[in-house]
**Q** 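Before I ask anything, here is the structure I am working with.
Atoms within each ligand, like the ligands themselves, are counted from 1 in listed order.
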Amino acid sequence: MIHELNNPVVKTLINHLRDIRIDALRFRHIVHNLSHHLVYEALKKETLSFKEIDTWQGKHNFGFIKEEKLLFVTILRAGLPMIEAVTDIFPAAESGFLAMKRDEKTHQSVLYYDRVPKSCEGRTVIIVDPMVATGGSLCDAIALMKTRSPERIITLNLIGAPEGLDIVMQKHPDIELYIAQIDERLNADKFILPGLGDAGDRSYNTPA
Ligand code: PRP
C-alpha cells in the first residue's frame with residue numbers, strides 16, 4: 001500500500017529541495033528532516049516493548065520500539081543521507097547496503113554491491129531510497145530482500161512518479177511504501193517531473 005504524507009511541513013520541505021539554489025549541505029539537511037517524518041509515520045503503529053531503565057527516581061519500566069529488530073537498507077548512493085537520518089534515531093538498528101546503478105540507456109538497474117545479511121528472518125526491513133522513477137531499482141531491492149525472508153518490508157521514499165509507483169505496487173502489493181511526494185510523471189529520459197533533479201548529485205555536489 002502507498003502512503004503519501006499529507007503534511008504541509010513535508011510539502012514545504014520537498015518544495016525547498018526543488019530549488020536548485022539549495023546547496024548540498026542544506027539539501028542533505030532537508031533530506032534528514034524528511035526521512036525523520038517518514039520513519040515516524042511508517043512506525044506510528046509499532047507496539048512498544050517494556051524494559052527496565054535507571055531513572056532519576058530509580059528503576060522503572062518504559063516502552064521502547066525494539067530497534068534491534070529493524071534493518072535499514074539503502075541503495076547507494078542517493079540513499080546515504082536517508083540512512084544516516086533514520087539510524088540517528090535508532091542507533092541499535094542494523095544497516096545494510098546495496099549498490100545499484102541505473103543504466104542510462106536501457107533504464108534497467110544493475111546490482112553491483114550487496115552488503116545485507118543473508119537471512120533477515122523476523123526482521124522489519126526498511127528500505128530507504130529518495131527516488132522512485134521507473135521503479136526498477138526499488139523493485140529489484142525489494143525482490144532481493146524477499147529472498148532473505150524478512151517478516152515485513154517497508155520502504156521510505158522522498159519523491160516518485162506514478163508510473164514507477166504503480167509498477168512497484170503491481171510487483172510487490174504486500175509492502176508498505178511511505179513517500180513524501182507523488183509528482184506528475186516521468187519525462188522521456190525517465191526523470192521525475194517536476195522532480196528535484198538527481199538526488200545523489202544534489203546531495204554530494206557531484207557534477208552531472
Ligand atoms: C536514483 C535513485 C534510485 C533510482 C531511481 O539512483 O536513488 O535508486 O535512481 O530510479 P528508478 O526508479 O528508475 O530505478 P541513481 O541510479 O541515479 O544513482 P545514485 O544514487 O548514485 O544517484
**Q** Does ligand 1 have a heavy atom under 4.0 Å from the side chain of Asp129, from its backbone, from both, or from neither?
**A** side chain
**Q** Please determine whether any non-hydrogen atom of Met131 lies less than 4.0 Å from an atom of ligand 1.
**A** yes
**Q** Within the 4.0 Å heavy-atom shell around Gly135, which atoms of ligand 1 are there?
**A** 11 (P), 12 (O), 13 (O)
**Q** What atoms in ligand 1 come closer than 4.0 Å to a heavy atom of Leu76?
**A**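 Listed by number with element: 20 (O).
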**Q** Just which atoms of ligand 1 are under 4.0 Å from any heavy atom in Gly136?
**A** 12 (O), 14 (O)
**Q** Report yes if the side chains of Thr155 and Val128 come closer than 4.5 Å at any heavy-atom pair, otherwise no.
**A**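 Result no, sub-4.5 Å side-chain heavy-atom pair not found.
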**Q** Could an N or O of ligand 1 be found under 3.5 Å from any N or O of Pro130, whether backbone or side chain?
**A**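 No; every N/O pair is 3.5 Å or more apart.
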**Q** Which of the numbered atoms in ligand 1 are below 4.0 angstrom from a heavy atom of Arg77?
**A** 19 (P), 20 (O), 21 (O), 22 (O)
**Q** List every atom of ligand 1 that sits less than 4.0 Å from any heavy atom of Thr134, numbering the atoms from 1 in the order shown and giving each element.
**A**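 Under 4.0 Å from Thr134, ligand 1 has these atoms: 11 (P), 12 (O), 13 (O), 14 (O).
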**Q** Is it possible for you to say whether Val39 and Leu48 belong to one hydrophobic cluster, with membership spreading through side-chain heavy-atom contacts below 4.5 Å?
**A** yes
**Q** Ignoring angles and geometry beyond distance, decide whether Asp198 reaches within less than 3.5 Å of ligand 1 through its nitrogen or oxygen atoms.
**A** yes
**Q** Please determine if Ala78 has a nitrogen or oxygen closer than 3.5 Å to a nitrogen or oxygen of ligand 1.
**A**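 Yes.
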**Q** Regarding Arg77 and Asp198, does a basic nitrogen lie under 4.0 Å from an acidic carboxylate oxygen?
**A** yes
**Q** Please work out, at 4.0 Å between heavy atoms, whether the side chain, the backbone, both, or neither of Val132 comes within that distance of ligand 1.
**A** backbone
**Q** Do Ile167 and Leu186 sit in one hydrophobic cluster, given that two such residues count as connected whenever their side-chain heavy atoms are within less than 4.5 Å of each other, even indirectly?
**A** no
**Q** Please determine whether a side-chain nitrogen of the Lys or Arg among Arg26 and Asp19 lies less than 4.0 Å from a carboxylate oxygen of the Asp or Glu.
**A** no
**Q** Please determine if Lys51 forms a cation-pi arrangement with Phe62, meaning its NZ or CZ atom is less than 6.0 Å from the six-membered ring centre and no more than 45° off the ring axis.
**A** no
